[in-house]
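Data first, discussion second: the structure below is written as structure tokens.
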Amino acid sequence: MRNLFQGEPEVKSDYDFTGSFTDMWRDMRVSMVMPPLTVAICICVVMSVMMFIERVYMTVVVLLVKFMGKKRYTQYKLEALKEDIEQNRSYPMVLVQIPMFNEKEVYKLSIGSVCSLTWPSNRLIVQVLDDSTNEVLRSLVELECKRWIERGVNVKYETRNNRNGYKAGALREGLTKDYVYDCEFVVIFDADFQPDKDFLWRTVPYLLENPELALVQARWKFVNANECIMTRLQEMSLAYHFAVEQEVGSSTCQFFGFNGTAGVWRIKAIEDAGGWKDRTTVEDMDLAVRASLKGWKFVFVGDLHVKNELPSTFKAYRYQQHRWSCGPANLFRKMTKEIIFYDKSGSNEPSSLSPYDEAMDALSSLITQKSRADQTNAGLRFELMFDYVKILDLEESISKMKIIHVAGTKGKGSTCTFTEAILRNCGFRTGMFTSPHLIDVRERFRLDGVDICEEKFLAYFWWCWDRLKEKCSDDIPMPNLFRFLALLAFKTFAAEQVDVAIMEVGLGGKFDATNVVQTPIVCGIASLGYDHTEILGNTLAAIAGEKAGILKKGVPAFTVPQPDEAMEVLKAKASQLDVPLQVANPLDGKLLNGLNLGLVGDHQYVNAGLAIKLCSTWLQNTGHLEPDSTEQNNSLPQQFIKGLNNSNIRRASPNHSRPVT
């Protein structure tokens, strides 16, 4: 043992490669890795200190602003500025831009809020920039714009054939329109923002008072901040951004970024900065930086809030960001999709559409690109409807269906609603097909007074779609939108085995898609007037002739008091077909036993009178009621009164996932 510890160590003759490599790596780390790593650590420490100082600085500024009560925008005498504008009537021309992309849930709220802004109508232009890829939604947005135009608001509906530049591209193109030339300021609201009516009065005066101001930015108000943990976290983050970062930047006259919405820009400043550019994924910040470098000033109005809704799920958040994204962000989002759907045609290309949105896309492909004025009513090849019915094997089902068919210019939808409610209260299973819809296409199909649920709609939709796609050809092309919906209604009501189907004519009557019905129980023609004259004709006589096309030989029919010119045509057509045409008198309100009609307006008593005649005749001809038992001069059955009182134009089902906005 002693020799073992005191003896000389043995010297190995073999070369120790492992030990040599370890020593070499240690030397490399010391000489090559440690210096840059040390520099990086020092940089991080310096940046952390800078951020800490910045946070302390912002805290001091915010506290001073809070305790002194002097924010930058309060230095302006806003009330005096407003009074001066009103006295001198020196209202500047203001453009409001609303960029949209498939905004099904919020487009009506957004357009309605902007069109309700208090500003002289001749000094305000509302520009709706619709980049929607869903043609059905495009038509709905355009229809909403037309509604506000009819109310006297100067609304311009603009679409593009591409989405070049995304939101920035749409805003840029919107500013190039001829009618924008006289506008001095432009306000931007994303489609999920709803400003208060006095928004312009609380922002534009700042720009008029200070010609160096380029931007007035408002704060966001989140209506669903406490919905879930995700919305709460977003609200906390954005509240800090507005209350601290934006407030400090504005109060110290330093730079702060444009938030992309709820702001008013001086158009001259945008032009001076080079306009909107889509070279980055933060085009709003990019524009603000370029404008600031040109010497323009910004002001943040912290007590002006604009309502909007936070996305409550990651999927909703991703969609919200995707609406306006461009550049590299698109690639990232495609790589991080959580839920993948594949389209029904069997393509291997992934799609982020839900099954319902996929059906809407398919439906939008049926919208004809021709205007109604480009084609005559007879040129639509009405006979194709019978081919479609045969393809779907609906001939027998339609012939056995107990149908009430209603045409007219005004009041046919209300008449159908009253009719459906009465018969439903009589204990019958009802189906009703009407048009158009307000938000969701399912509103056109009602079963027992409720919009058809999404599951049933999709089942019947794809059943019809697949068979038509398989059988249609060049000779028998796919039906247009309304024809497909009418076919879908017949399929739905047949499958659901309704006791009565109330079918509202879409346009005219003679060549309408619903007129494949050959043996209705009873027909009704509501008030007639001038509508769709490019198709139906320029005279009441011509229009009445088209509406009378729903009359069938020997089938009883009712109408309401009509202009003499129209009534003569209806009577002549009825005589030719041996139709017992009768005129239904308006309902006497006393017969409601003190109750009111569910639909408001004196004209509804005319529609209610027609509905009562249609219902009583249907009940009689189907063997459920003795003749003349519902004469109005005596009394009305309680079921009739209850139905008239409970009638509602739209009654959504409990699981209606797309609420009216």
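Just so you know, residue 1 is the first one in the sequence shown, and it goes up from there.
Across all their heavy atoms, L458 and P355 have their closest contact at CD2-O, 3.9 Å. In plain terms, the two heavy atoms of G274 and K277 that are nearest each other are O-NZ, 3.5 Å. Scanning both residues, A218 and F199, for their nearest heavy atoms gives CB-CE1, 3.8 Å. Nearest approach of A191 to V106, heavy atoms of both residues: O-CG2, 3.2 Å. Annotation for Y206 and V216: closest pair CB-CG2, 3.9 Å, computed over non-hydrogen atoms. E184 approaches L208 most closely through the heavy-atom pair OE2-CD2, 4.4 Å.
For S116, the side chain to side chain contact (heavy atoms under 4.5 Å, CB included) test picks out W148, K197, with sequence neighbours left out. Contacts of R138 classified as side chain to side chain contact (heavy atoms under 4.5 Å, CB included), with partners at least two apart in sequence or in another chain: D130, S132, E135, Y157, T159. Not counting sequence neighbours, the partners of T133 by the side chain to side chain donor-acceptor pair (under 3.5 Å) test are N102. Residues forming a salt bridge (Lys or Arg N to Asp or Glu O under 4.0 Å) with K456 (at least two apart in sequence, or on another chain): E496. Every residue was checked against the side chain to side chain donor-acceptor pair (under 3.5 Å) condition with Y91, not counting sequence neighbours, and none meets it. Here Q194 pairs with L109, S113 under the side chain to side chain contact (heavy atoms under 4.5 Å, CB included) rule; sequence neighbours left out. For D198, there are no side chain to side chain donor-acceptor pair (under 3.5 Å) partners at least two apart in sequence or on another chain. Looking at residues two or more places apart in sequence or on another chain, you find no side chain to side chain donor-acceptor pair (under 3.5 Å) involving W119. Applying the ring-ring contact (aromatic ring centres under 6.0 Å, His included) criterion to F484, with sequence neighbours excluded, gives F461, W465.
With contacts defined as side-chain heavy-atom distances shorter than 4.5 Å, the pair F185/P92 qualifies. A heavy-atom distance below 4.5 Å is found between the side chains of I98 and V126. Using a 4.5 Å heavy-atom cutoff, the side chains of R290 and K294 are not in contact. You'll find the side chain of S121 stays beyond 4.5 Å of the side chain of V153, heavy atoms only. Taking the side chain as every heavy atom from C-beta outward, P195 and V114 approach each other to under 4.5 Å. At least one side-chain heavy atom of I452 sits under 4.5 Å from a side-chain heavy atom of Y460. Residues V180 and I125 fail the side-chain proximity criterion, which asks for heavy atoms closer than 4.5 Å.
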Less than 3.5 Å apart, which donor and acceptor atoms pair up between the side chains of residues 168-179 and the rest of the protein, not counting sequence neighbours?
| from | atom 1 | to | atom 2 | distance (Å) |
| --- | --- | --- | --- | --- |
| R172 | NH1 | W276 | O | 3.2 |
| R172 | NH1 | D278 | OD2 | 3.4 |
| R172 | NH2 | D278 | OD2 | 3.3 |
| E173 | OE2 | R160 | NH1 | 3.3 |
| T176 | OG1 | E173 | O | 2.5 |
| Y179 | OH | Q127 | NE2 | 2.9 |
| Y179 | OH | E158 | OE2 | 2.7 |

If you look only at distance, which donor and acceptor atoms sit under 3.5 Å apart when one is on a side chain in residues 41-49 and the other is two or more places apart or in another chain?
| from | atom 1 | to | atom 2 | distance (Å) |
| --- | --- | --- | --- | --- |
| S48 | OG | C44 | O | 2.8 |

Donor-acceptor pairs are to be reported for all side-chain atoms of residues 260-273 against protein atoms at under 3.5 Å, with residues two or more places apart or in another chain.
| from | atom 1 | to | atom 2 | distance (Å) |
| --- | --- | --- | --- | --- |
| T261 | OG1 | D190 | N | 2.8 |
| R266 | NE | L213 | O | 2.8 |
| R266 | NH2 | L207 | O | 2.6 |
| R266 | NH2 | N210 | O | 2.9 |
| R266 | NH2 | L213 | O | 3.1 |
| D272 | OD2 | W296 | NE1 | 2.9 |

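Side-chain contact check for Y356 and D440: at least one donor-acceptor pair (N or O, by modelled atom type) lies under 3.5 Å.
Here the straight-line distance linking atom NZ of K167 with atom CD1 of I188 works out to 6.5 Å at 0.5 Å rounding. Annotation: the span from D192 atom CG to K307 atom NZ amounts to 13.0 Å, rounded to 0.5 Å. Going from atom CE of M100 over to atom OH of Y107 covers 9.0 Å, rounded to the nearest 0.5 Å. One distance of note links CZ of R202 with CG of L304; it measures 4.5 Å at 0.5 Å rounding. Atom CZ of R147 and atom CD1 of I149 lie 12.0 Å apart (nearest 0.5 Å). Between the NE2 atom in H437 and the CG atom in D451 there is a gap of 11.0 Å [rounded to 0.5 Å].
With hydrogens and angles disregarded, no donor-acceptor distance shorter than 3.5 Å links the side chain of R123 to the backbone of C183. With hydrogens and angles ignored, the 3.5 Å screen pairs no side-chain donor or acceptor of S292 with any backbone N or O of A288. Counting only distance, with no hydrogens or angles, the side chain of S365 and the backbone of A362 share a donor-acceptor pair below 3.5 Å. No donor-acceptor pair closer than 3.5 Å links the side chain of R219 to the backbone N or O of H305.
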Test V306 against K221 for side-chain contact (heavy atoms from CB on, under 4.5 Å), laying out the working first.
-> CA-CA 5 Å; V306 180; K221 179 181 179 180; over 6 Å; no
Kindly determine whether F258 and Q217 satisfy side-chain contact (heavy atoms from CB on, under 4.5 Å), including the steps that lead there.
-> CA-CA 7 Å; F258 173 45; Q217 175 68 59; 3.0 Å; yes
What's the verdict on side-chain contact (heavy atoms from CB on, under 4.5 Å) for M360 and V441, showing C-alpha distance, side-chain angles and the deciding distance?
-> CA-CA 9 Å; M360 292 302 97; V441 70; 3.6 Å; yes
Pair L200-V94, side-chain contact (heavy atoms from CB on, under 4.5 Å): steps then yes or no = CA-CA 9 Å; L200 294 179; V94 178; 4.1 Å; yes
